[in-house]
Amino acid sequence: MNRFAEPILDWYAEHARDLPWRRPEATPWGVLVSEIMLQQTPVVRVLPAWERWLERWPTPAALAAEPSGEAVRAWDRLGYPRRALRLHASACAIVERHDGEVPSSHAALLELPGIGAYTAAAVASFAFRQRHAVLDTNVRRVLARLVSAEEYPPRSQTVGEVTLAESLLPLDPPTAATWSVAVMELGALVCTARAPRCVDCPVLAGCAWQAAGRPAYAGPARRGQRYAGTDRQCRGRLLAVLRHADGPVEKAALDVVWSEPVQRERALDALIADGLVDPLDDGRYALPS
DNA sequence: AAGGCGTGGAT
DNA sequence: TATCCAAGCCT
C-alpha cells in the first residue's frame, strides 16, 4: 500500500461520520441516491431529503412507477433539479435494462443519465466494494496538497490526477473502496478548502504542501459565480411555484415571481426544454408527468 | 472545453 | 455585504 494508506485508513476508522448511506444496511440504490444528491449539495442538507426519498421510494422500481414531476417536487430545495429528473430517468433505465437492480459495473453505471466518471466510480466502490479511482473535489484537493504541494487542484481535472489517484489505490478491492471514502472524508473534515485543520491531519508529516510552507494558490483567479438576478435564480423561483402547487398553475402565477418579462420567458422556455416544466394545452403549466 | 445549472450556510 | 464553497454532469 502507499505510504499514506495506513494512517488515513486508521484515521477514518476512528473519525468517520455515521452517515446512513454508509451503514451496512444501505442498499446500492440508497448509495446511488446519496451520490446524486451530494453532487454540489452539502451533507447536512442531503440528510433529511435522503431519508424521506428512501422511505417513499425504497427501490428504483418504486420511483420509476411515478411521474418524473413527483421526483422534481420531492427534490425540494436541494438545487439543480435536473438531477431529480435524471435520477428518475435512471430508475426507469434500471428497471428496463437491469431488471430493477442497480448495475455494479462502472461501464453500465456510466451509461445512466446524470452519472459521470465520479459517480460511477463512487457507486461501484461504495455499494459494491470495487477498486476504482474516485476523484471528487475533496480527493483532488487532498492529493494536490499531499503530493503536489499545491493549495488547490487545477480548475479542470487532468490525466495526471487520474494517474496519481490510480497509483495510490490499494490492490485489494475492498480496501481500495475504503481508502477512497477515507480520502474523501479527510478532505471533507480536515483538509478543507478554506481553513484546513492541519493539526488534526494523520499525514501531516508526509504532506508536500506542508513541507513547502503551505504556499497560497498561485493559479488563475477562480471565477466567482453570481446568483442574484441570473436566469438560475429566475428558474428557481418559477419551479418553486410549481413545486408548491397541488396541480397545474395559470401563467399569471408564474409571472408574479419575476418582474423582468424577457428574462422570465427565456427561463420558462429553458425549463420546458429541460423537461422540468410541462406546458399544457389549456395554457397552464405543470410539473412533468 | 468553458459555462450553465440552485440553494443556503459560513466567513 | 459579498464572496466562497458544497461527494458534478452535460453540452
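Here is how names work: the chains are called A, B, and so on, in the same order as the sequence lines, proteins then strands, and each is numbered from 1.
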Grab the [atom1]-[atom2] distance between [X] and [N] for me, whole Å please.
X         : N       : atom1 : atom2 : result
Leu19(A)  : dA7(C)  : CG    : P     : 12 Å
Asn138(A) : dA6(C)  : CG    : C1'   : 9 Å
Leu38(A)  : dC5(C)  : CG    : C1'   : 15 Å
Glu151(A) : dC4(C)  : CD    : P     : 13 Å
Tyr118(A) : dC10(C) : OH    : P     : 14 Å
Arg17(A)  : dA6(C)  : CZ    : C1'   : 11 Å
Gln157(A) : dC10(C) : CD    : P     : 14 Å
Leu85(A)  : dC5(B)  : CG    : C1'   : 13 Å

Show me the protein contacts with nucleotides 6-8 of chain B, counting only N or O atoms at under 3.5 Å.
{"from": "dG6(B)", "atom 1": "OP2", "to": "Arg235(A)", "atom 2": "NE", "distance (Å)": "2.2"}
{"from": "dG6(B)", "atom 1": "OP2", "to": "Arg235(A)", "atom 2": "NH2", "distance (Å)": "3.2"}
{"from": "dG6(B)", "atom 1": "O4'", "to": "Tyr80(A)", "atom 2": "N", "distance (Å)": "2.9"}
{"from": "dG6(B)", "atom 1": "N7", "to": "Tyr80(A)", "atom 2": "OH", "distance (Å)": "3.2"}
{"from": "dG6(B)", "atom 1": "N7", "to": "Arg232(A)", "atom 2": "NH2", "distance (Å)": "3.0"}
{"from": "dG6(B)", "atom 1": "O6", "to": "Tyr80(A)", "atom 2": "OH", "distance (Å)": "2.9"}
{"from": "dG6(B)", "atom 1": "N1", "to": "Gln40(A)", "atom 2": "O", "distance (Å)": "3.2"}
{"from": "dG6(B)", "atom 1": "N2", "to": "Gln40(A)", "atom 2": "O", "distance (Å)": "3.3"}
{"from": "dG6(B)", "atom 1": "N2", "to": "Thr41(A)", "atom 2": "OG1", "distance (Å)": "3.0"}
{"from": "dG6(B)", "atom 1": "N2", "to": "Leu78(A)", "atom 2": "O", "distance (Å)": "2.8"}
{"from": "dT7(B)", "atom 1": "OP2", "to": "Tyr227(A)", "atom 2": "OH", "distance (Å)": "3.2"}
{"from": "dT7(B)", "atom 1": "O2", "to": "Arg45(A)", "atom 2": "NH1", "distance (Å)": "3.1"}
{"from": "dT7(B)", "atom 1": "O2", "to": "Arg45(A)", "atom 2": "NH2", "distance (Å)": "3.0"}
{"from": "dG8(B)", "atom 1": "OP1", "to": "Arg77(A)", "atom 2": "NE", "distance (Å)": "2.8"}
{"from": "dG8(B)", "atom 1": "OP1", "to": "Arg77(A)", "atom 2": "NH1", "distance (Å)": "3.1"}
{"from": "dG8(B)", "atom 1": "OP1", "to": "Arg77(A)", "atom 2": "NH2", "distance (Å)": "3.4"}

Sugar-phosphate, base or nothing in reach of [X], heavy atoms under 4.0 Å:
X         : result
Phe126(A) : nothing
Ala122(A) : nothing
Thr230(A) : nothing
Arg140(A) : nothing
Trp75(A)  : nothing

Which value, in whole Å, describes the distance between the [atom1] atoms of nucleotides [N] and [M]?
N       : M      : atom1 : value
dT1(C)  : dG8(B) : C1'   : 16 Å
dT11(C) : dA1(B) : C1'   : 10 Å
dG3(B)  : dA7(C) : P     : 23 Å

Legend entry - Any donor-acceptor N/O pair under 3.5 Å between dC4(C) base and Arg194(A) side chain: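 For Arg194(A), whose side chain was compared with the base of dC4(C), there is a donor-acceptor pair (under 3.5 Å).
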Any salt bridge linking [X] with [Y]? Criterion: basic side-chain nitrogen under 4.0 Å from a carboxylate oxygen.
X         : Y         : value
Arg52(A)  : Glu55(A)  : no
Glu66(A)  : Arg73(A)  : no
Glu265(A) : Lys251(A) : yes

Inset, instruction - Would you please say whether a donor-acceptor pair under 3.5 Å links the side chains of Thr178(A) and Arg129(A)? - result: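 Thr178(A) vs Arg129(A): donor-acceptor pair found between side chains.
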Inset, instruction - Starting at NE2 of His98(A), measure out to OG of Ser104(A) and round the result to the nearest 0.5 Å. - result: 9.5 Å
Legend entry - Comparing Gly114(A) and Thr192(A) on DNA chain C - which has the more 5′ nearest nucleotide: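 Its nearest nucleotide lies further toward 5', so the answer is Thr192(A).
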Inset, instruction - Specify the residue among Ala188(A) and Ile115(A) whose closest nucleotide of DNA chain C lies further upstream toward the 5′ end. - result: Ala188(A)
Inset, instruction - Give a yes/no on whether any side-chain N or O of Thr137(A) is located under 4.0 angstrom from OP1 or OP2 of dC5(C). - result: no
Has [X] got more than 12 heavy atoms of other residues, nucleotides or ligands less than 6.0 Å from its [atom1]?
X         : atom1 : answer
Arg22(A)  : CZ    : yes
Glu260(A) : CD    : yes
Asp99(A)  : CG    : no

